[in-house]
Enquirer: 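First, the structure itself, so that you have it in front of you.
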Amino acid sequence: MNTTPSKSTTPSTTTPPAGTTDPAEGSADAVTEEATAKDTLVKDPAKGSVTDSPAKDPATEDATGTPSDAVDSGTAPDDLSGQADDADDAEDLEPDPFDEARHGVGAGAAAVVSAALGVVALTGAWTGRVAAERETLIGQIQTSGGGSAAQQISEIYGDAWHTTALVNGVFAVLALLVGVFVLVRPAFGAPSERPQPTWVRAVATAGVALGVLGVLISAGMYFDLFVSLPTAGAPAGG
């Protein structure tokens with residue numbers, strides 16, 4: 001018979017030595033730190049990298065309004081459009097050199113034509129000479145069968161003289177009309193912002209003066225005011 005009393009064993013609680021960490025507590029702390037790190041790390045979608053900046057609180061954004069980035073991006077296009085409008089206005093205010101060069105070209109050309117027609121009216125043109133020669137030939141044909149001396153003078157010389165005066169008078173009238181049109185053109189139609197150039201008015205005035213002078217001379221030639229036709233003397237009696 002066993003008289004030795006039975007010994008009851010109780011689970012012993014051992015205290016870890018100083019300086020050691022409980023594995024359970026260590027794993028819990030690791031999980032907590034990992035969760036905190038995930039909360040603090042924010043991925044920037046624009047750069048494709050992870051930054052350590054904390055995420056923005058939506059409540060704070062709602063309370064303060066739009067973020068600063070949105071404000072900057074919203075105001076930048078307005079500033080650029082304002083600068084573009086100012087540049088366009090500055091370009092509109094500057095005179096176009098091509099418009100300045102084209103201004104008065106038509107009026108200047110008409111003024112030169114008027115002056116040229118006035119010179120032709122005074123000096124004569126080849127058209128007047130051809131017309132005079134034609135009248136001379138017609139007079140010779142008409143008087144070839146016989147005629148008096150006065151008739152020959154009128155048909156051969158007088159008609160050619162009058163024809164030359166008529167042609168020169170036509171050129172003089174054209175010079176007068178074109179010059180007057182150039183001078184009075186600014187008074188009609190849409191008003192121009194710039195006045196007519198001085199040289200255009202000067203040349204047009206010269207054309208008008210030459211036209212008036214040509215008309216007067218041509219009229220005097222046609223009506224034999226300056227020089228009369230020669231007359232044939234009476235034949236001497238035998």
Enquirer: Can V212 be reached from V119 by stepping across I, L, V, M, F, W or Y side chains whose heavy atoms are under 4.5 Å apart?
Expert: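 In one cluster: no.
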Enquirer: For a quick test of reading the model, state the closest non-hydrogen atom pair linking A172 to V215 and the distance between them.
Expert: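 The pair with the smallest heavy-atom distance is CB-N, 3.4 Å.
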Enquirer: Do V167 and Y222 share a hydrophobic cluster, counting only Ile, Leu, Val, Met, Phe, Trp and Tyr and linking them when any side-chain heavy atoms are less than 4.5 Å apart?
Expert: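 Cluster IDs for V167 and Y222 differ.
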Enquirer: So, applying side-chain contact (heavy atoms from CB on, under 4.5 Å) with R134, which one of V130, I138, T136 is it?
Expert: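 That would be I138; it is the only one of V130, I138, T136 passing the side-chain contact (heavy atoms from CB on, under 4.5 Å) with R134.
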Enquirer: Test side chain to side chain contact (heavy atoms under 4.5 Å, CB included) on T231 and I153; report intermediate values, then the result.
Expert: CA-CA 8 Å; T231 58; I153 293 173; 5.9 Å; no
Enquirer: Between I217 and N168, is there a side-chain heavy-atom distance shorter than 4.5 Å?
Expert: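 Heavy-atom side-chain distance check fails, nothing below 4.5 Å.
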Enquirer: Following the transitive rule for hydrophobic clusters with a side-chain heavy-atom cut-off under 4.5 Å over Ile, Leu, Val, Met, Phe, Trp and Tyr, establish whether F188 and L183 coincide in one cluster.
Expert: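 F188 clusters together with L183.
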Enquirer: Taking all heavy atoms of S114 and all of V208, pick out the closest pair and write down the distance.
Expert: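 Nearest heavy atoms, S114 then V208: OG-N, 4.0 Å.
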Enquirer: Is there a donor-acceptor contact under 3.5 Å from the side chain of R201 to the main chain of Q196?
Expert: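 Present.
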Enquirer: Which of these, L122, L210, V120, sits in a side-chain contact (heavy atoms from CB on, under 4.5 Å) with F171?
Expert: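 For F171, the side-chain contact (heavy atoms from CB on, under 4.5 Å) test succeeds with only one of L122, L210, V120, which is V120.
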Enquirer: Just verifying a value: how many Å separate F223 CZ and S218 OG, rounded to the nearest 0.5 Å?
Expert: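 OG of S218 is found 11.0 Å from CZ of F223.
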Enquirer: Under the side-chain hydrogen bond (donor to acceptor under 3.5 Å, both in side chains) definition, can you give me all pairs with a residue in residues 119-132, not counting sequence neighbours?
Expert: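 For residues 119-132, and leaving out neighbouring residues, there are no side-chain hydrogen bond (donor to acceptor under 3.5 Å, both in side chains) pairs at all.
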Enquirer: Write down the atom of I156, the atom of G139, and the distance for their closest heavy-atom approach.
Expert: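 Taking every non-hydrogen atom into account, CG1-C, 3.7 Å.
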Enquirer: Determine the minimum heavy-atom distance between G118 and A175, stating which atoms define it.
Expert: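 Heavy-atom minimum between the residues: N-CB, 3.3 Å.
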Enquirer: Where do H162 and M221 come nearest, in terms of heavy atoms and distance?
Expert: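 H162 and M221 have their closest heavy atoms at CD2-O, 3.8 Å.
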Enquirer: Determine yes or no for a side-chain-to-main-chain donor-acceptor pair under 3.5 angstrom, with Q142 supplying the side chain and Q151 the backbone.
Expert: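 Between the backbone of Q151 and the side chain of Q142 there is no qualifying donor-acceptor contact (under 3.5 Å).
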Enquirer: Please give me the minimum heavy-atom distance between A111 and V203, naming the atom from each residue.
Expert: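 Closest approach of A111 to V203: O-CG1, 3.3 Å.
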Enquirer: At what distance, to the nearest 0.5 angstrom, does OG1 of T143 lie from CD of E155?
Expert: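 Between atom OG1 of T143 and atom CD of E155 there are 7.0 Å.
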Enquirer: Calculate, to the nearest 0.5 Å, the distance between atoms CG and CG belonging to D159 and L137 respectively.
Expert: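 Nearest 0.5 Å value for the CG-CG distance: 12.5 Å.
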Enquirer: As an exercise, state the distance from OG1 of T163 to CD of E133, rounded to the nearest 0.5 Å.
Expert: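 So the OG1 of T163 and the CD of E133 are separated by 11.5 Å.
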